[in-house]
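A, B, ... follow the sequence lines: proteins, then strands. Residue 1 opens every chain. In this text the structure is predicted, and so the values were computed from the model without any measurement. Computation of the quantities below employed the complete heavy-atom set of this structure, encompassing side-chain atoms and omitting hydrogens, waters and symmetry-equivalent molecules.
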Amino acid sequence: MSDPLVDARLEKVEALRAQGIDPFPARVPASERIEEVLRRHEGLAPEEHSGARVAVAGRLMARRQMGRATFLDLRDGSAKIQVHAAADRLGEEAYARICDSDVGDFLHVAGEVFRTKRGELTVAAESWTFLAKAIRPLPEKWHGLKDVELRYRHRSLDLLSNDETRQRFVRRAKMMETVRSELTALGFLEVETPALHPIPGGTTARPFITHHNALDLDLYLRIALELYLKRTLIGGIDRVFEIGKCFRNEGVSTKHNPEFTMLELYQAYTDYEGMMRLAESLVGAVFQAAVGSLVVDYQGTRLDFSPPWRRVAMLDAIAETSGLELGTLTAPEIVDAAKAKGIGVPNLSRPQLIEHLFDRFVEPTLIQPTFVTDYPVEISPLAKRRADAPHLAERFELFVMNMEIANAFSELNDPVDQRTRFLDQERLRASGDEEAQRIDEDFLFALEHGMPPTGGMGVGLDRLAMLLLNAASIRDVILFPALRRKDEA
RNA sequence: GGGUCGUUAGCUCAGCCGGUUAGAGCACCUGACUUUUAAUCAGGGGGUCGCUGGUUCGAGUCCAGCACGACCCA
């Protein structure tokens with residue numbers, strides 16, 4: 001199916017070639033960042049000419065043509081500048097050619113800088129060349145690209161035509177910078193560990209599976225970074241972090257993308273209490289750097305990140321929100337107690353029931369930053385037991401705006417207990433729990449050589465970015481979110 | 001998986017109770033215009049109304065199914 005707008009542009013490309021002009025030249029004349037040109041001429045008064053000749057390169061974003069003179073807006077990655085092209089300055093041929101350029105083309109323009117009487121800094125073009133032709137028209141210049149589906153599917157155009165989109169990803173990059181600089185300043189070393197895992201470990205989630213042909217080996221895209229980072233701890237890198245993609249073969253929603261960016265950090269000689277303090281200071285630093293405040297508006301809700309954040313034990317939170325006092329009730333007793341309160345629950349194990357009730361009653365109430373503590377040890381197979389309550393794990397999850405943002409433990413470093421926990425998981429797996437974790441002998445071998453007492457934490461950086469950038473959907477903070485395939489006819 | 005809403009020109013959008021040849025702005029083409037900045041003025045081209053079926057004398061409009069998306073729920 002041919003598009004007349006594209007055909008017209010392709011004809012222009014051919015016409016240029018016929019005149020011996022390369023619409024996509026390999027060599028680029030020297031130029032300066034537009035931002036720099038603007039900055040250097042800040043003091044220029046209206047109608048004043050600088051006498052300075054500059055060269056700029058960028059994309060033609062708009063044109064205002066008036067017969068023998070034309071104004072053009074040129075934009076590079078730093079800023080936008082106006083160009084004044086006049087027939088008597090450029091010469092007839094070069095002027096005719098610039099009139100034939102299209103919005104979307106990349107141009108190189110050289111000339112003197114002056115300021116118009118309306119105060120706009122402008123390059124009076126003395127010469128210009130094509131740097132690259134565009135053969136499709138850009139989205140509407142005033143409204144930009146509005147259609148949400150097109151914005152996700154054609155992010156290049158969203159970035160190009162919507163300033164807020166570009167700003168959002170600039171601010172996301174600043175968030176990453178702040179996380180790195182804060183952790184580095186605390187002596188953490190950034191490392192990279194494998195994304196292809198022979199055994200998917202570190203959490204419970206359905207993995208993506210792939211196959212290495214030469215090794216004839218099934219491999220899994222990592223669902224967490226945990227077990228490799230712990231190996232570096234065992235090796236003596238006792239403050240370590242990684243920022244990387246994790247992959248979970250699960251549904252997509254406004255809070256879930258199948259690949260997402262995780263921060264995991266491990267600090268020896270501390271525990272999950274230390275991780276709470278680190279979470280408060282790290283998230284605080286990120287908000288200070290990006291927003292300049294610990295109190296922010298998120299989609300109409302005021303969020304206050306001032307420390308200390310609320311702490312609540314899981315069973316207390318369930319009791320507060322559902323009225324169910326679980327205490328030491330067994331699974332069948334919990335089902336009965338729920339039934340007595342008119343709450344229908346599925347037939348699950350005790351820890352699964354606790355998780356179910358938590359998700360149903362507590363999570364929807366967690367708006368302000370809250371550390372939920374005292375998770376059942378059965379659903380925390382990599383966390384230390386509480387010395388005073390061995391059925392509970394030294395673990396917290398951080399919730400904000402009903403979203404899990406972080407998950408942290410006093411890391412289990414007793415290799416015998418760790419083996420027991422893995423075996424418990426294997427038993428669950430054998431009895432049909434596909435999500436149960438698998439025994440990782442290579443990790444246990446490393447752990448048996450000794451791991452220091454350690455606090456560890458994982459942070460979902462996309463969700464943190466949502467809070468920071470006031471984004472309603474995770475797709476708004478991921479450049480190229482996962483979408484269903486759409487066949488173009 | 002269920003519910004609600006949406007899909008009309010490259011982009012942003014109108015299109016009423018089913019009734020001539022589906023409209024506008026931007027973009028594009030032609031012409032006028034040497035300080036405009038959403039430039040202006042005059043003219044022109046551009047449509048498988050998401051797809052498939054159905055109801056009807058007649059469907060962008062009503063009905064069903066499907067695709068894709070948004071939001072809510074599980």
Side-chain angles (χ1 to χ4, degrees), chain A residues 1-12 15 44-49 59-75 79-92 95-96 98-105 111-125 133-163 250-256 299-300 344-346 356 359-361 363-364 402 471-476 481-489:
Chain A
M1 198 198 290
S2 93
D3 181 333
L5 295 170
V6 172
D7 291 345
R9 299 281 185 105
L10 287 173
E11 278 168 29
K12 283 187 181 181
L44 206 64
E47 296 193 84
E48 190 182 348
H49 286 246
R59 194 195 276 270
L60 180 55
M61 297 304 290
R63 64 178 331 127
R64 295 172 291 283
Q65 198 154 334
M66 282 155 300
R68 307 266 302 152
T70 298
F71 288 94
L72 308 120
D73 292 339
L74 216 56
R75 192 172 90 192
K80 189 182 85 175
I81 196 165
Q82 180 168 262
V83 170
H84 183 245
D88 46 17
R89 195 184 318 107
L90 267 173
E92 297 302 330
Y95 182 71
I98 207 168
C99 288
D100 208 33
S101 68
D102 292 298
V103 169
D105 292 352
E112 189 195 4
V113 177
F114 74 105
R115 200 176 285 281
T116 65
K117 64 184 175 196
R118 299 279 292 274
E120 175 121 9
L121 201 75
T122 302
V123 178
K133 279 291 293 177
I135 65 164
R136 280 185 195 277
L138 265 32
E140 219 260 2
K141 63 179 173 185
W142 189 242
H143 298 93
L145 198 62
K146 280 267 185 55
D147 186 293
V148 183
E149 185 175 354
L150 290 180
R151 291 175 55 178
Y152 294 154
R153 283 192 195 280
H154 304 296
R155 188 69 94 182
S156 51
L157 300 179
D158 184 24
L159 288 165
L160 188 57
S161 58
N162 295 317
D163 210 47
E250 291 162 0
V252 298
S253 77
T254 49
K255 295 172 186 177
H256 298 85
Q299 303 287 305
V345 290
H356 172 86
D359 290 348
R360 183 158 150 201
F361 290 100
E363 205 180 278
N402 320 315
S473 168
I474 199 166
R475 293 188 186 108
D476 294 326
L483 294 174
R484 231 175 268 274
R485 184 190 160 151
K486 187 170 190 177
D487 294 317
E488 313 261 343

message: Rounding to an integer number of angstrom, what distance separates B/rU7 and B/rC49 when you compare their P atoms?
response: 14 Å

Tested for side chain to side chain contact (heavy atoms under 4.5 Å, CB included) against A/I98, the lone hit among A/L72, A/T70, A/D105 is A/L72

Closest of B/rG25, B/rU37, B/rU34 to the A/Q82 side chain is B/rU37

Atom CZ of A/F71 and atom P of B/rC33 are separated, to the nearest Å, by 17 Å

When rounded to whole Å, the CE to C1' distance for the pair A/M61 and B/rA38 reads 13 Å

- prompt: Is the A/F114 ring parallel, tilted or perpendicular to the A/H84 ring (thresholds 30°, 60°)?
  reply: perpendicular

**OP:** Can you tell me, in whole Å, how much space there is between the P of B/rA9 and that of B/rG46?
**Re:** 15 Å

query = Given B/rA38, is OP1 or OP2 found less than 4.0 Å from the side-chain N or O atoms of A/R64?
reply = no

Please work out if A/S161 contacts a base, only the sugar-phosphate, or nothing of the nucleic acid, heavy-atom cut-off 4.0 Å. nothing

For A/D100, does its backbone N or O pair with a side-chain atom of A/K12 as donor and acceptor, under 3.5 Å? yes

So CD1 of A/I81 and CE of A/M61: to nearest 0.5 Å the spacing works out to 15.0 Å

query = Below 4.0 angstrom, N of the basic side chain to O of the carboxylate: do A/D476 and A/R151 qualify?
reply = no

Check every strand shown and say whether A/E47 touches a base, only sugar-phosphate, or nothing at a heavy-atom separation below 4.0 Å. nothing

From the candidates B/rU34, B/rU12, B/rA70, the one with an atom nearest any side-chain atom of A/H84 is B/rU34

Ignoring hydrogens and angles, answer whether the base of B/rU36 and the side-chain atoms of A/T116 contain a donor-acceptor pair closer than 3.5 Å. yes

Syn within 90° of 0, anti beyond: B/rC63 is anti

**Request:** Please measure how far the P atom in B/rU37 lies from the corresponding atom in B/rG31, and state the result in whole Å.
**Result:** 23 Å

Q. Can a donor-acceptor pair under 3.5 Å be found between the side-chain atoms of A/E120 and the base atoms of B/rU35?
A. no

From CG of A/D158 across to P of B/rU12 the rounded distance in Å is 11 Å

- Item | Heavy-atom side-chain proximity of A/M66 to A/F71 below 4.5 angstrom | yes

Separation of B/rC68 atom C1' from A/L483 atom CG, nearest Å, is 10 Å

P-based separation of B/rA27 from B/rC11 [nearest Å] | 16 Å

Separation between CD (A/Q82) and CZ (A/R115), nearest 0.5 Å, reads 11.0 Å

- Query: Using the C1' atom in both, what is the distance from B/rU30 to B/rG23, to the nearest Å?
  - Reply: 23 Å

Given the options A/L157, A/D147, A/L150, A/P139 meets side chain to side chain contact (heavy atoms under 4.5 Å, CB included) only with A/L157

### Task
Decide yes or no for A/D102 and A/K133: does some side-chain heavy atom of the first lie under 4.5 Å from some side-chain heavy atom of the second?
yes

Rounded to the nearest 0.5 Å, the CG atom of A/L145 sits from the CG atom of A/L159 at a distance of 10.5 Å

What is the nucleic acid contact for A/F114, judged by heavy atoms within less than 4.0 Å: base, sugar-phosphate only, or nothing?
base

Is A/R475 reaching over with its side chain to a backbone N or O of A/L483, donor-acceptor style, under 3.5 angstrom? no

>> Between B/rG53 and B/rU48, how many Å separate the two C1' atoms, rounded to a whole number?
In response: 16 Å

Of the candidates B/rG25, B/rA38, B/rU34, the side chain of A/R68 sits closest to B/rU34

Base, sugar-phosphate, or nothing for A/R136, non-hydrogen atoms under 4.0 angstrom?
nothing

Which of B/rG69, B/rU34, B/rC11 is nearest the side chain of A/P139? It is B/rC11

Protein-nucleotides 5-8 of chain B N/O pairs under 3.5 Å:
none

Rounding to an integer number of angstrom, what distance separates B/rA22 and B/rG50 when you compare their P atoms? 15 Å

Taken to the nearest whole Å, CG/A/D7 to P/B/rG46 is 14 Å

message: Classify A/R151 by what it touches in the nucleic acid, base, sugar-phosphate, or nothing, heavy-atom distance under 4.0 Å.
response: nothing

Among the nucleotides B/rC11, B/rC72, B/rG69, whichever has the atom closest to the side chain of A/R484 is B/rG69

Per atom distances to the A/R475 side chain, the nearest of B/rC68, B/rC71, B/rC26 is B/rC71

Counting only Watson-Crick and G-U wobble pairs with both atom distances below 3.5 Å, the stems of 3 or more consecutive pairs that include RNA chain B are B:1-7 with B:67-73, B:10-13 with B:23-26, B:28-32 with B:40-44, B:50-54 with B:62-66

A/D73 CG to B/rU36 C1', in whole Å, measures 9 Å

For A/E140 and A/H143, the nearest pair of non-hydrogen atoms, with its separation, is OE1-N, 2.7 Å

Rounded to whole Å, CG of A/L150 lies from P of B/rC11 at a distance of 6 Å

Using atom P of each nucleotide, how far apart are B/rG25 and B/rC68 to the nearest Å?
36 Å

Scanning both residues in full, the closest heavy-atom pair of A/D158 with A/R155 reads OD2-NH1, 2.8 Å

Pull out every protein N or O sitting under 3.5 Å from an N or O of nucleotides 27-31 of chain B, one pair per line with the distance.
residue : atom : partner : partner atom : Å
B/rA27  : OP1  : A/K141  : NZ           : 2.8
B/rC29  : OP1  : A/K12   : NZ           : 3.0

Comparing nearest nucleotides in RNA chain B, the 5'-proximal residue of the pair A/R118, A/K146 is A/K146

So does A/R136 have more than 12 non-hydrogen atoms from other groups sitting under 6.0 Å from CZ?
no

